[in-house]
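Would you mind keeping the following structure in view while I ask a few things?
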Amino acid sequence: MSQSITPARTRGFLRAAAAAVALSSVLLTTGCGASDEGGADAEATAAMPAGFPVTIDNCGVRTTYDRPPSRAVTIHQHPAELMLALGLKNRMVGTAFPDSPVLPELRKAYEAIPELAKREPSFERILDAEPDFVYGGYGSAFAKNEGRSRTAFADAGIDTYLNREYCGRKRVTMKDTYEEIRTIGRIFGVPDRAGKLVEDLRDRVGKAAAEVEGAHEVPVFVYDSGDRSAFTAGGRSLGTELIRLAGGRNVFADLDDVFGDVSWEQVVERRPEVIALYDYAGAGSVEEKKEFLLSRPALADVPAIRNKRFVVLPLTATLVGVRSAYAVDDLARGLHPESFR
């Protein structure tokens, strides 16, 4: 057992003890002579909320929620934006690991929530926020070697949820985005809000896809990062689906992973006409990425390089979250500008 788990259990015990003391105080206050009205109030308070219990199977972890979480911590930006888009700011007690500027309409709400760390916070730092729910965006949110395993959180009495893109499915599509939103809506007791958000995002995607319907399928290479080799989006990634919906084709859709390394020789062989640059903190600026690609002699004859055709996407817009619908429109305009004149 790692040392970080013991304090968590201790804190969980102390919180439970405190709750028991508070409950005893309430019982002593009301006593046997409490009015029927007071008893009804207490019964209503203890009653299970409408729509609950809710049982969720997530990446091999089965959780039953008797009521919505009230103190959530998100690790990585896309889970935070999804929760904010569902109007759940008041249920959030911490965020971590911002990748890129927050969507303008969510920025004020996001900035009002404490930031626990610039990257993944430690197990103890998360416990300090006293959450009852932790929502991770990448698998690293629950890294066992860093003491943040889902088992460690469960031992501390804290429920966890991992973005479905990292559940090991063969391929992620926009359907997964919609299901992610609906699932979080069920967990937090706001299914109607989730349904409305899904409708709005479907409409946004449908309009963009309609604009490029029947257009030439543009070969696209995703450049995330890398020097000796290129780190790119593979066939399991949502990025591949976004490119398809925008009238393109990921030239590395046959890479059987969410992300992976490919050689520069492979990039040359596949002759992409557009390069999608993933923009996020800590991986070099967009201008640095462009300069690097344009300066490589081996890439000089690649159509995208020769014609300097780049599309920039925030990394958070290519993941299972609310931004993916926006990415389809941005990609479509970059791949088929003639369709939007």
Side-chain angles (χ1 to χ4, degrees), residues 78 99-100 138 163-178 204-206 208-226 229-280 283 286 289-290 292-293 296 298-299 301-321 323-337 339:
H78 48 301
D99 277 324
S100 53
Y138 304 118
N163 187 290
R164 68 186 56 224
E165 190 161 6
Y166 287 84
C167 287
R169 296 187 178 194
K170 283 295 181 183
R171 188 180 174 211
V172 180
T173 69
M174 282 300 294
K175 181 179 178 181
D176 291 287
T177 292
Y178 304 141
R204 183 181 288 270
V205 170
E211 292 289 345
V212 297
E213 188 175 1
H216 160 65
E217 187 181 69
V218 179
V220 179
F221 162 55
V222 172
Y223 179 60
D224 177 288
S225 57
S229 60
F231 192 57
T232 190
R236 293 191 196 180
S237 72
L238 181 60
T240 293
E241 165 88 337
L242 302 181
I243 291 169
R244 182 189 67 79
L245 289 168
R249 172 179 56 83
N250 181 2
V251 297
F252 287 105
D254 59 339
L255 179 64
D256 190 27
D257 209 337
V258 177
F259 285 96
D261 289 298
V262 297
S263 70
W264 292 111
E265 289 76 15
Q266 288 175 295
V267 175
V268 173
E269 289 170 0
R270 301 194 181 197
R271 300 182 63 76
E273 294 177 13
V274 172
I275 296 176
L277 300 173
Y278 281 5
D279 183 23
Y280 60 100
V286 168
K289 289 182 179 182
K290 285 182 181 179
F292 169 73
L293 293 170
R296 292 186 67 89
L299 300 179
D301 289 331
V302 171
I305 295 296
R306 189 171 60 244
N307 298 317
K308 297 182 179 180
R309 290 195 66 190
F310 298 97
V311 177
V312 178
L313 291 174
L315 179 63
T316 47
T318 69
L319 306 170
V320 171
R323 284 199 186 204
S324 50
Y326 294 73
V328 174
D329 184 70
D330 291 340
L331 271 169
R333 291 174 184 276
L335 302 185
H336 301 283
S339 296

#### Entry: Contacts of Ser100 that satisfy side chain to side chain donor-acceptor pair (under 3.5 Å) - sequence neighbours left out
Thr316

### Message
To check you understand the geometry: which heavy-atom pair defines the closest contact between Ala208 and Ala332, and what is its length?
### Response
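Shortest heavy-atom contact: O-CB, 4.3 Å.
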
### Message
I want to check something: taking the side chain as every heavy atom from C-beta on, are Val220 and Asn250 in contact at a cut-off of under 4.5 Å?
### Response
no

### Task
Sequence neighbours left out, what passes side chain to side chain contact (heavy atoms under 4.5 Å, CB included) with Val286? Give chain and number order.
Leu277, Asp279, Lys290, Val312

### Leu293 side chain near Phe310 side chain, heavy-atom distance below 4.5 Å
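With C-beta onward as the side chain, the pair touches.
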
### Derivation of the side chain to side chain contact (heavy atoms under 4.5 Å, CB included) call for Thr232 and Phe221
CA-CA 8 Å; Thr232 190; Phe221 162 55; 3.7 Å; yes

### Query
With a 4.5 Å heavy-atom cut-off, do Asp330 and Val311 have their side chains touching?
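Of all side-chain heavy-atom pairs linking Val311 with Asp330, none is under 4.5 Å.
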
### Summary
Residues Ala327 and Ala317: closest non-hydrogen pair is CB-O, 3.2 Å

### Task
Any chance you could measure His216, atom NE2, to Glu273, atom CD, to the nearest 0.5 Å?
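His216 atom NE2 to Glu273 atom CD measures 4.0 Å (nearest 0.5 Å).
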
#### Entry: Least distance between heavy atoms, Gln266 atom then Ser263 atom
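Minimum heavy-atom separation between Gln266 and Ser263: OE1-N, 2.8 Å.
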
### Query
Counting only N and O atoms by type, is there a donor-acceptor contact under 3.5 Å from the side chain of Arg249 to the main-chain atoms of Pro219?
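Answer holds: no.
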
### Query
With Arg296, which residues qualify under side chain to side chain contact (heavy atoms under 4.5 Å, CB included), at least two apart?
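Once residues adjacent in sequence are excluded, the partners of Arg296 under the side chain to side chain contact (heavy atoms under 4.5 Å, CB included) criterion are Asp227, Trp264, Phe292, Leu299.
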
### Message
Once rounded to the nearest 0.5 Å, what's the spacing between atom CZ of Arg271 and atom CD of Glu269?
### Response
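Rounded to the nearest 0.5 Å, the CZ-CD separation comes out at 11.0 Å.
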
### Query
Got a sec, which residues hit ring pair (Phe, Tyr, Trp, His ring centres under 6.0 Å) with Tyr326, two or more places apart in sequence or on another chain?
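Ring pair (Phe, Tyr, Trp, His ring centres under 6.0 Å) check on Tyr326 returns nothing, list empty.
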
### Query
Hey, are Lys175 and Glu241 close enough for a salt bridge, meaning a charged N less than 4.0 Å from a carboxylate O?
no

#### Entry: For Ser229, side chain to side chain contact (heavy atoms under 4.5 Å, CB included) partners two or more places apart
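For Ser229, the residues satisfying side chain to side chain contact (heavy atoms under 4.5 Å, CB included) (neighbours in sequence not counted) are Asp261.
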
### Message
Between Phe252 and Thr240, is there a side-chain heavy-atom distance shorter than 4.5 Å?
### Response
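Side chain of Thr240 against side chain of Phe252, heavy atoms only: no contact under 4.5 Å found.
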
### Task
Would you sort out whether Asp301 and Val268 count as a side chain to side chain contact (heavy atoms under 4.5 Å, CB included), showing the intermediate values?
CA-CA 8 Å; Asp301 289 331; Val268 173; over 6 Å; no

### Task
Take the angle between the ring planes of Phe259 and Tyr278 and call it parallel below 30°, perpendicular above 60°, tilted in between.
perpendicular

### Under 3.5 Å donor-acceptor, Arg309 side chain and Leu335 backbone
yes

### Query
Side chains of Tyr280 and Asp224: does their closest heavy-atom pair fall under 4.5 Å?
yes

### Task
Could you tell me whether the side chain of Ser237 and the main chain of Val172 form a donor-acceptor pair under 3.5 Å?
no

### Query
Does the side chain of Ile305 reach to within under 4.5 Å of the side chain of Ile275, using non-hydrogen atoms?
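They are in side-chain contact.
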
### Query
How far apart are the closest heavy atoms of Ser324 and Leu238, and which atoms are they?
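The pair with the smallest heavy-atom distance is CB-CD2, 3.7 Å.
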
### Euclidean distance, Glu217 CD relative to Arg244 CZ, rounded to 0.5 Å
9.5 Å

### Message
Which residues pass the side chain to side chain donor-acceptor pair (under 3.5 Å) test with Arg270, not counting sequence neighbours?
### Response
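If we apply the side chain to side chain donor-acceptor pair (under 3.5 Å) test to Arg270, skipping adjacent residues, the hits are Asp254.
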
### Query
Which heavy atom of Val267 sits nearest a heavy atom of Pro272, and at what distance?
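Scanning both residues, the minimum pair turns out to be O-CD, 3.4 Å.
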
#### Entry: Closest non-hydrogen atom pair between Asp99 and Tyr138, with its separation
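Closest approach of Asp99 to Tyr138, heavy atoms only: OD2-OH, 3.1 Å.
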
### Query
Where do Val320 and Tyr166 land on the side chain to side chain contact (heavy atoms under 4.5 Å, CB included) test, with the steps shown first?
CA-CA 10 Å; Val320 171; Tyr166 287 84; over 6 Å; no

### Task
For the residue pair Leu245 and Val205, establish whether any side-chain heavy-atom pair is separated by less than 4.5 Å.
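Counting from C-beta outward, Leu245 and Val205 do come under 4.5 Å.
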
#### Entry: Check: Leu315 main-chain N/O paired with Arg323 side-chain donor or acceptor under 3.5 Å
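No: the side chain of Arg323 does not pair with the backbone of Leu315.
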
### Query
Counting N and O atoms only, with roles assigned by atom type, does the side chain of His336 sit under 3.5 Å from a partner on the main chain of Ala215, one being a donor and the other an acceptor?
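Absent.
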
### Query
Side chains of Leu331 and Leu313: does their closest heavy-atom pair fall under 4.5 Å?
yes

### Query
Does Asp176 use its side chain to pair, donor to acceptor, with the backbone of Arg164 at less than 3.5 Å?
no

